[in-house]
Structures are given as structure tokens and as C-alpha cells.
Peer 1: 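Starting off with a structure, shown below.
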Amino acid sequence: MSKFHSNYMITMKDIVRERNEILHQPTQEVMLPPSDEDKKILTCMMNFLKNSQDPYLSKKYKLRAGVGLSANQIGLNKRMFVTYLTDEKGKEHEYTLINPKIISHSVSMIYLPPGEGCLSVDRDIKGFVPRYERIKVKGFNLEGEEIVLKLKGHSSIVIQHEIDHLDGIMFYDRINKENPFKLPENCKSLY
Ligand code: UDB
Ligand code: ZN
């Protein structure tokens, strides 16, 4: 039994930081359909993202405005994550993905021009993180139904960042060691 029942409020103290080994190991697949326990954990994780993007609550509870959170970031060895994003048109997209897998991707790559950060990393890390421009991801939702997402742009970057967490990969593992701003030929800026 974890403490992350649906009424529990996740705050920054629950988020494990980069020195924790759980962030550097691949996570275990989740049994399907998801248990009530796993559903509560995912609901709790989604509430964290929503609270963290609420100006009043984020200030009150000192939350960093988060767009994605993976289960191992709260110390649980489970292959599942949530994202909560607002697109260019102001439309909100929330995804809960269990056992996600990239089934296909573009050859072209993109990067976030300011670089990436992470809720589990408390320092500023300079450098570009090349990501696929477009991905097709297969996974399962809270109801245990199979879903396939086709993503591009910012959502594609966020989902790849979260799938990396589930594979034990941190964003800085993908930054060029000799020159952090060096990019592959086929990689362009997101904007
Ligand atoms: C984030 N937030 O949540 F474009 F409204 C980052 C942090 C590390 C800065 C908190 C973020 O990118 N917020 C954001 C971006 C926008 C518009 C907006 C809010 N993550 C998620 C994370 O660490 N998940 O494990 C880091 C992002 C860097 C690239 C993709 C995920
Ligand atoms: Zn992260």
C-alpha cells in the first residue's frame, strides 16, 4: 500500500531527486487492467500537475509548474506517467499512460530552445536535448483500454521525456558531452 491515495496531495517533498537510483533504472510493467491502487496513484499524480499549474495553489504549496510526472519520480517502480499540457490554441490535454511504448517515430528531430529541466533536478543544466519531432505511442489508459497517440511538437517532447524516465534515462544523458549545444544534422528548434 502506497500513501498516494486519491485524497493525498503530492508536493515537492514527495518527488525523488536525481541522486536516487530509482531514476536511473528501467521501471517494471504494470499489471492490466490497472488495480484500484494504481488508479488512485495516477489520479493523485494528475492532481499534482493540475495543482502545480494553478497560480494560487502552486504559490501556497511551493510547487514547480509541472507538465509531466512519472511514477518513479515519486519513488514507485511502475511503468506509468501523467502529462497535463495546454496547446497553442489554449486547449488542455491530459494523458495518463500505462506501459507506454514508442511504436514509430519521424527521422526528423527537434529540441526545446531553452533546453530542458526536470522536477527531479534542482540545478540548471545547459544544453540541447534532441527528440523525435513526431512519435506514435501505444499504451493503456486508466480504464485499461489500449490507446495510440500521435504527437508532435511540445507534447511529443514531454512524452519522450517521461518515457525516458520510465527507461531510467535523464534528459541530461542525451546532451552531447563534448559540446552541450551540438545537435544532429536533422534536428531543428521547436520554435
Ligand atoms: C516540467 N515544466 O514539468 F511550455 F505552462 C518542467 C519543469 C521541470 C520546469 C517544472 C515545464 O516545462 N513547464 C511548462 C512548460 C511550458 C508551459 C507551461 C509550463 N518538466 C516535467 C518533468 O520533469 N517530468 O519528468 C520538464 C519538461 C522539460 C521538457 C519536457 C518536460
Ligand atoms: Zn523529468
Side-chain angles (χ1 to χ4, degrees), residues 4 10-27 41-42 44-59 61-98 100 102 105 109-135 137 139 149 151-175 180 183 187-191:
F4 305 109
I10 296 177
T11 62
M12 298 309 293
K13 71 171 177 349
D14 297 305
I15 296 180
V16 307
R17 303 307 150 97
E18 56 181 314
R19 290 174 61 164
N20 194 307
E21 260 311 299
I22 198 163
L23 292 176
H24 305 276
Q25 296 165 356
T27 49
I41 293 165
L42 287 161
C44 199
M45 289 166 63
M46 185 63 81
N47 286 337
F48 166 79
L49 294 183
K50 291 178 178 176
N51 292 344
S52 79
Q53 290 185 35
D54 177 297
Y56 172 76
L57 293 172
S58 66
K59 190 159 189 264
Y61 296 104
K62 297 189 167 67
L63 311 175
R64 291 176 75 191
V67 289
L69 182 68
S70 296
N72 50 340
Q73 290 184 279
I74 53 167
L76 304 175
N77 182 7
K78 291 174 185 283
R79 191 169 177 84
M80 57 189 201
F81 70 75
V82 293
T83 66
Y84 184 71
L85 296 152
T86 307
D87 67 20
E88 316 77 53
K89 297 165 191 157
K91 191 174 185 301
E92 288 151 351
H93 299 268
E94 53 177 288
Y95 297 122
T96 295
L97 267 192
I98 299 169
I102 295 177
H105 63 77
M109 302 189 87
I110 48 170
Y111 66 93
L112 210 55
E116 294 188 14
C118 181
L119 289 164
S120 298
V121 177
D122 292 326
R123 57 199 172 105
D124 212 41
I125 299 178
K126 293 184 185 1
F128 296 143
V129 183
R131 302 284 187 190
Y132 301 123
E133 183 174 24
R134 291 179 302 277
I135 52 169
V137 182
L149 301 175
L151 303 160
K152 59 179 166 59
H154 188 238
S155 330
S156 165
I157 293 174
V158 176
I159 300 262
Q160 288 175 74
H161 177 111
E162 301 313 325
I163 293 179
D164 268 354
H165 274 308
L166 302 180
D167 291 333
I169 299 165
M170 298 293 286
F171 74 92
Y172 49 75
D173 298 332
R174 297 199 181 274
I175 298 175
L183 288 160
C187 189
K188 57 182 205 282
S189 170
L190 174 61
Y191 35 80

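Side-chain atoms are counted along with the backbone in the values below, which use heavy atoms only and exclude waters and symmetry mates. All ligand and atom numbering here is 1-based and tracks the order in the structure.
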Peer 1: Given E94 and K50, is the salt bridge (Lys or Arg N to Asp or Glu O under 4.0 Å) satisfied, shown in steps?
Peer 2: CA-CA 10 Å; E94 53 177 288; K50 291 178 178 176; 3.0 Å; yes
Peer 1: So for atom NZ, which belongs to K89, do other residues, nucleotides or ligands contribute more than 12 heavy atoms lying within a distance under 6.0 Å?
Peer 2: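 No, because the 6.0 Å sphere around NZ of K89 holds 12 heavy atoms or fewer from other groups.
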Peer 1: What are the protein N/O/S atoms, named by residue and atom, that sit under 2.8 Å from the Zn ion (ligand 2)?
Peer 2: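 Sorted hits: C118 SG, H161 NE2, H165 NE2.
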Peer 1: Kindly confirm or rule out an N or O of H161 lying under 3.5 angstrom from an N or O of ligand 1.
Peer 2: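 Yes, H161 has an N/O under 3.5 Å of an N/O on ligand 1.
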Peer 1: Under the side chain to side chain donor-acceptor pair (under 3.5 Å) rule, collect the residues that match up with D87, sequence neighbours excluded.
Peer 2: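 Per chain and number, D87 pairs via side chain to side chain donor-acceptor pair (under 3.5 Å) with H93.
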Peer 1: Does the protein come close to atom 31 (C) of ligand 1 - that is, does one of its heavy atoms sit below 4.0 Å from that atom?
Peer 2: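 Answer yes: something from the protein, a heavy atom, is under 4.0 Å.
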Peer 1: Is the Y172 ring parallel, tilted or perpendicular to the H24 ring (thresholds 30°, 60°)?
Peer 2: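 Correct class here is tilted.
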Peer 1: Tell me, which protein residue and heavy-atom name are nearest atom 20 (N) of ligand 1, and how many Å apart are they?
Peer 2: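 Checked against all protein heavy atoms, atom 20 (N) of ligand 1 sits closest to V67 CG2, 4.0 Å.
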Peer 1: Would you indicate which of G115, A65, G117, S156 comes nearest to atom 6 (C) of ligand 1 when only heavy atoms are counted?
Peer 2: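 Checking each option, the heavy atom nearest atom 6 (C) of ligand 1 is found in A65.
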Peer 1: Below 4.0 angstrom from a heavy atom of Q73, which ligand 1 atoms are there? Numbered from 1 as shown, please.
Peer 2: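 Those atoms are 24 (N), 25 (O).
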Peer 1: Going by the angle between their ring planes, with limits at 30° and 60°, are Y132 and H105 parallel, tilted or perpendicular?
Peer 2: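 Ring orientation, 0 to 90° scale: parallel.
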Peer 1: Which is closest to atom 4 (F) of ligand 1 in terms of heavy atoms, H154, Q53, R64?
Peer 2: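 Looking at heavy atoms only, the winner is H154.
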Peer 1: Is there side-chain contact between T83 and M45, with heavy atoms separated by less than 4.5 Å?
Peer 2: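 No, every pair of side-chain atoms sits at 4.5 Å or beyond.
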Peer 1: Under 4.0 Å from a heavy atom of E162: give me the atoms of ligand 1 that qualify, with their elements.
Peer 2: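 Counting from 1, the qualifying ligand atoms are 21 (C), 22 (C), 24 (N), 25 (O).
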Peer 1: Could you tell me whether some N/O pair between I157 and ligand 1 is separated by less than 3.5 angstrom?
Peer 2: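 Min N/O separation from ligand 1 is not below 3.5 Å for I157.
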Peer 1: Atom 21 (C) of ligand 1: which protein heavy atom is closest, and how many Å away?
Peer 2: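 Of the protein heavy atoms, G68 O, 3.5 Å lies nearest.
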Peer 1: List every atom of ligand 1 that sits less than 4.0 Å from any heavy atom of V158, numbering the atoms from 1 in the order shown and giving each element.
Peer 2: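 Once the distances to V158 are compared, the set is 30 (C).
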Peer 1: Need the ligand 1 atom indices (1-based, order shown) with element for anything under 4.0 Å from a heavy-atom of G66.
Peer 2: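 Here the atoms of ligand 1 in question are 3 (O).
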Peer 1: Hey, is ligand 1 close enough to H165 that some N/O pair sits below 3.5 Å?
Peer 2: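 Looking only at distances, the answer is yes, because the N/O contact criterion of under 3.5 Å is met.
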Peer 1: Decide if atom OH of Y56 counts as having more than 12 heavy atoms of other residues, nucleotides or ligands within a radius under 6.0 Å.
Peer 2: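 Result for OH/Y56: open.
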Peer 1: Where on C118 is there a heavy atom closer than 4.0 Å to ligand 1, on the side chain, on the backbone, on both, or on neither?
Peer 2: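 Contact part for C118 vs ligand 1: both backbone and side chain.
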Peer 1: When I110 is tested against each of H154, K188, Q160, K152 for side chain to side chain contact (heavy atoms under 4.5 Å, CB included), which residue passes?
Peer 2: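 With I110 as partner, H154, K188, Q160, K152 yield a single side chain to side chain contact (heavy atoms under 4.5 Å, CB included), made by K188.
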Peer 1: So which protein heavy atom does atom 23 (O) of ligand 1 come closest to, and at what separation?
Peer 2: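 Its nearest protein heavy-atom neighbour is L119 N, 2.9 Å.
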